[in-house]
Number of protein chains: 2
Amino acid sequence: MATIDDVARHANVSTATVSRTLSGRGPVADATRERVLAAADALGYVVSSSASSLASGRTRNIGVLVPHLDQWFFSEVLTGITASLQAADYDTALYVISAHAADPAARRRVFEQSLRRQRIDGLVVVSIALDAREIAQVRALGIPVIAIGGPDSALPSLSVDNVAVARMATAHLLALGHRDIAHIGLSPQFEGDFHIPSRRRKGFEAQMADAEYPVGPGLFEPADYTMEGGARAAHRLLARTDRPTAIFAASDEMAIGAILAARERGLRVPEDLSIVGVDGHELGEFFSLTTVDQFPLRQGQRAAAAILAELGHAPAPATTPLDTHGEMPFELVVRGSTTSPSR
Amino acid sequence: MATIDDVARHANVSTATVSRTLSGRGPVADATRERVLAAADALGYVVSSSASSLASGRTRNIGVLVPHLDQWFFSEVLTGITASLQAADYDTALYVISAHAADPAARRRVFEQSLRRQRIDGLVVVSIALDAREIAQVRALGIPVIAIGGPDSALPSLSVDNVAVARMATAHLLALGHRDIAHIGLSPQFEGDFHIPSRRRKGFEAQMADAEYPVGPGLFEPADYTMEGGARAAHRLLARTDRPTAIFAASDEMAIGAILAARERGLRVPEDLSIVGVDGHELGEFFSLTTVDQFPLRQGQRAAAAILAELGHAPAPATTPLDTHGEMPFELVVRGSTTSPSR
DNA sequence: CTGAAAGCGCTTACAG
DNA sequence: CTGAAAGCGCTTACAG
């Protein structure tokens with residue numbers, strides 16, 4: 001591989017000038033620039049990231065912490081992040097960290113070792129509730145950090161207002177005339193690792209209370225955010241003699257599971273059962289699912305943009321200062337899975 | 001951040017000794033080791049990756065090239081890769097590269113710039129058909145490379161035998177007595193970027209030919225590997241007056257789409273229509289889908305292990321030498337979506 | 001605008 | 001087993 005010395009020799013300049021030309025930092029005469037560029041091109045020179053990082057303190061690499069890869073929301077957010085980073089010529093370092101309970105040692109190693117190797121210039125934490133010690137460790141990194149899925153995170157964050165999201169979904173069902181509305185949310189056992197689900201549940205209950213239809217007992221069913229889990233939870237709800245006329249599921253995947261469960265029981269959606277989800281899942285249209293879209297791709301892009309802005313790149317989006325909690329847009333998308341109750 | 005000098009001073013040794021102790025390369029007296037470890041621990045020292053990489057030529061970072069993140073197979077493979085890498089204390093550099101047609105410039109930049117910055121020690125290419133130039137560029141990197149999804153790749157690869165996979169699925173349907181079997185595969189427009197689908201189609205046709213039931217015209221329907229696409233393709237097939245009694249879909253997601261399409265049309269699965277997929281999708285059980293499981297998680301783990309072995313780590317799995325094409329296991333999982341034809 | 005030179009923080013022959 | 005020292009390939013004040 002050609003080094004900067006090769007290019008310098010080839011172009012008859014010092015390595016300092018090559019560096020200035022290629023990085024765009026510092027003045028270079030036009031004629032010189034041309035020569036350097038030509039030389040670099042001829043030799044197929046690409047700067048060595050470790051040498052550059054060591055000398056400059058910048059890695060052009062951003063870390064991303066995700067809890068899973070196999071849920072649509074995460075893959076979508078991650079896609080948004082990498083796309084934006086790639087466009088800015090930054091690389092992505094992917095860290096999949098397990099839940100606290102699953103493999104504590106592995107999780108600890110990420111915070112104590114991996115992230116501390118000065119391999120990254122910034123960090124995006126996707127939908128993971130860090131504990132106090134982890135937050136301190138992340139802060140001690142001294143790099144820009146943004147969490148997706150706050151805002152009760154102690155870190156700067158970007159998130160939809162999950163209480164408002166849940167209120168919106170619930171209000172939609174209430175406006176249609178539903179009273180017996182059930183909610184499928186996350187099992188409490190996972191609450192330590194994720195804070196979003198409990199906020200959605202809170203919003204649901206608040207909206208119901210506001211409408212003076214307090215949630216009846218047994219109208220919350222825990223699930224694991226999968227289609228299958230959503231289906232199981234829906235089966236439990238629909239087996240009740242006083243089954244609800246509507247279900248608000250905290251994710252589209254669970255909502256789709258609920259649709260399938262209803263069909264399996266011979267119930268028509270939406271005539272016999274209305275269902276709303278949250279996310280804006282790509283399968284939403286296929287299942288004709290009413291949902292609150294939260295544009296996860298854009299969340300990823302915004303998070304990346306915020307980090308890049310903090311690092312001095314790109315037009316700093318004035319709306320996403322890293323010292324506060326950015327609110328992301330969401331939107332009710334009414335499709336065919338909701339209507340007025342028939343009884 | 002503490003540097004190696006701090007540790008050396010603290011432990012009263014040279015930086016060389018600290019380096020040897022922490023890297024495990026070279027002899028260190030037990031007493032010395034203890035002191036160094038204690039000092040490193042006390043100072044919270046973690047080696048700087050760029051300094052270490054520059055000096056050693058090793059990055060402890062592996063690149064992964066994927067075409068998408070939003071398909072179950074890819075997220076599963078990627079999960080397997082990162083898990084294995086993390087366990088070996090390696091980081092993952094994620095590169096999502098678009099199809100040739102989508103954004104040629106972005107794709108080119110990955111091969112010409114990103115991958116050439118000496119940021120990675122090895123590379124895993126997941127299910128992407130590289131063109132001749134890209135293969136040359138990847139080879140020129142001079143690092144271990146393995147492709148998942150060969151074996152017609154010009155790179156060392158790891159893959160199930162996709163012809164055999166398709167034969168197995170088809171043979172299962174034939175053995176049940178089906179003759180009118182349709183296949184849902186990939187639209188030819190994507191063939192340049194992926195080679196697996198055409199091999200599955202080939203296997204299907206070969207098996208049918210062997211059984212002397214050559215595939216009828218119109219019994220191939222192209223789709224895009226999504227549930228929705230699978231459903232649309234199935235609708236086209238099932239609208240025919242001489243509709244097939246069985247469908248072999250080249251992926252579980254498409255197969256699930258086909259199941260849903262059949263249900264929508266009032267057809268019972270499997271009584272009126274048998275369906276087989278490929279993958280081993282997590283939703284397979286939920287939909288009671290018969291499939292050929294190809295254990296994508298394991299494929300990812302194996303690919304990572306192969307790279308690590310090449311880099312001198314871990315028990316080199318004798319079965320996956322990087323100079324050849326590793327065959328991965330697959331297995332027919334019979335569930336409730338297949339049975340004998342009723343007519 | 002350009003270059004000489006120090007320095008980034010490690011690793012690794014080499015010598016002892 | 002250990003240390004002194006060169007060197008990895010850049011970047012960046014500093015001086016001119």
Side-chain angles (χ1 to χ4, degrees), chain A residues 1-37 39-40 43-61 89 113 116-121 142-143 311-312, chain B residues 1-37 39-40 43-61 89 113 116-121 142-143 311-312:
Chain A
M1 298 239 109
T3 70
I4 198 172
D5 285 292
D6 299 328
V7 179
R9 217 172 301 126
H10 202 93
N12 236 291
V13 293
S14 69
T15 59
T17 297
V18 176
S19 178
R20 282 190 209 103
T21 303
L22 266 27
S23 70
R25 296 169 173 262
V28 183
D30 283 351
T32 310
R33 171 189 321 281
E34 305 270 287
R35 243 183 319 136
V36 171
L37 258 22
L43 299 174
Y45 173 72
V46 174
V47 68
S48 152
S49 68
S50 48
S52 176
S53 299
L54 180 58
S56 71
R58 287 172 257 110
T59 63
R60 294 198 83 89
N61 197 28
D89 207 24
Q113 306 284 327
R116 298 189 62 233
R117 284 187 192 125
Q118 287 149 274
R119 200 194 275 286
I120 55 177
D121 291 338
I143 58 177
L311 294 173
Chain B
M1 298 241 107
T3 69
I4 198 173
D5 285 293
D6 299 327
V7 179
R9 218 172 301 125
H10 202 94
N12 237 292
V13 295
S14 69
T15 60
T17 297
V18 175
S19 178
R20 281 190 211 104
T21 304
L22 265 27
S23 69
R25 298 169 173 262
V28 183
D30 284 350
T32 311
R33 171 189 320 281
E34 305 268 288
R35 245 180 320 135
V36 170
L37 258 22
L43 298 173
Y45 173 74
V46 176
V47 68
S48 152
S49 68
S50 48
S52 176
S53 300
L54 180 57
S56 71
R58 288 172 255 111
T59 64
R60 294 197 84 89
N61 197 27
D89 208 24
Q113 305 284 328
R116 299 190 59 231
R117 287 192 189 117
Q118 287 150 273
R119 201 193 274 288
I120 55 177
D121 291 338
I143 57 176
L311 293 173

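Below, chain A is the first sequence line, B the second, and so on; all start at residue 1.
- Rounding to the nearest 0.5 Å places CD1 of B/Ile4 at 11.5 Å from CZ of B/Arg9.
- Mapped onto DNA chain C by nearest heavy atom, A/Ala16 and A/Ala55 fall at different nucleotides, with A/Ala16 at the one closer to the 5' end.
- The gap from the C1' atom of C/dT12 to that of C/dG16 amounts to 16 Å, rounded to the nearest Å.
- Proximity of A/Arg58 to the phosphate of D/dT12: a side-chain N or O atom is located under 4.0 Å from OP1 or OP2.
- Put simply, A/Ser14 has a side-chain N or O that comes within less than 4.0 Å of OP1 or OP2 on C/dG3.
- At whole-Å resolution of the value, CZ in B/Arg9 and C1' in D/dG3 are 16 Å apart.
- Between A/Ser19 and D/dT11, a side-chain N or O to OP1/OP2 separation shorter than 4.0 Å is present.
- Nucleic acid contact class of B/Val47 (heavy atoms, under 4.0 Å, all strands): sugar-phosphate only.
- Using a 4.0 Å heavy-atom distance criterion, A/Arg25 is classed as a sugar-phosphate-only contact.
- Side-chain contact between B/Thr21 and B/Val18: absent, with no pair of heavy atoms (C-beta onward) separated by less than 4.5 Å.
- Note on B/Thr32: only backbone sugar-phosphate atoms sit closer than 4.0 angstrom, heavy atoms only; bases stay farther off.
- Pair assignment for C/dA4: none, as no Watson-Crick or G-U wobble contacts are both less than 3.5 Å.
- Rounded to an integer number of Å, the gap from CG of A/Leu22 to C1' of D/dC10 is 11 Å.
- Proximity of B/Thr3 to the phosphate of C/dG9: no side-chain N or O atom is located under 4.0 Å from OP1 or OP2.
- Each of D/dC1, D/dA13, D/dC10 was ranked by its minimum atom distance to the side chain of B/Pro27; first place goes to D/dC1.
- Across the protein-nucleic acid pair, B/Ile4 atom CD1 and D/dG3 atom P stand 12 Å apart, rounded to whole Å.
- In this structure, B/Met1 places its CE atom 17 Å from P of C/dC8, rounding to the nearest Å.
- Between A/Arg20 atom CZ and D/dG9 atom C1' there is a gap of 16 Å when expressed in whole angstrom units.
- A donor-acceptor contact shorter than 3.5 Å is absent between the side chain of A/Asn61 and the backbone of A/Ile120.
- Whole-Å rounding puts the B/Tyr45 OH to C/dG9 C1' distance at 7 Å.
- Summarising the geometry, atom OG belonging to B/Ser56 is positioned 8.0 Å from atom CG belonging to B/Asp121; distances are rounded to the nearest 0.5 Å.
- Here B/Ala29 lies in heavy-atom contact (under 4.0 Å) with sugar-phosphate atoms only.
- Annotation: side chain of A/Ser50 is not in contact with side chain of B/Thr59 (no heavy-atom distance under 4.5 Å).
- In this structure, C/dA13 makes no Watson-Crick or G-U wobble pair, since no nucleotide meets both defining distances under 3.5 angstrom.
- Remark: C1' of C/dC10 and CZ of B/Arg60 are 15 Å apart, rounded to the nearest angstrom.
- The side chain of A/Thr17 contributes no N or O atom lying less than 4.0 Å from OP1 or OP2 of C/dT2.
- Distance, A/Leu54 CG to C/dG7 C1': 9 Å, rounded to whole Å.
- Residues A/Val36 and A/Val13 form a side-chain contact, since some pair of their non-hydrogen atoms from C-beta on lies under 4.5 Å apart.
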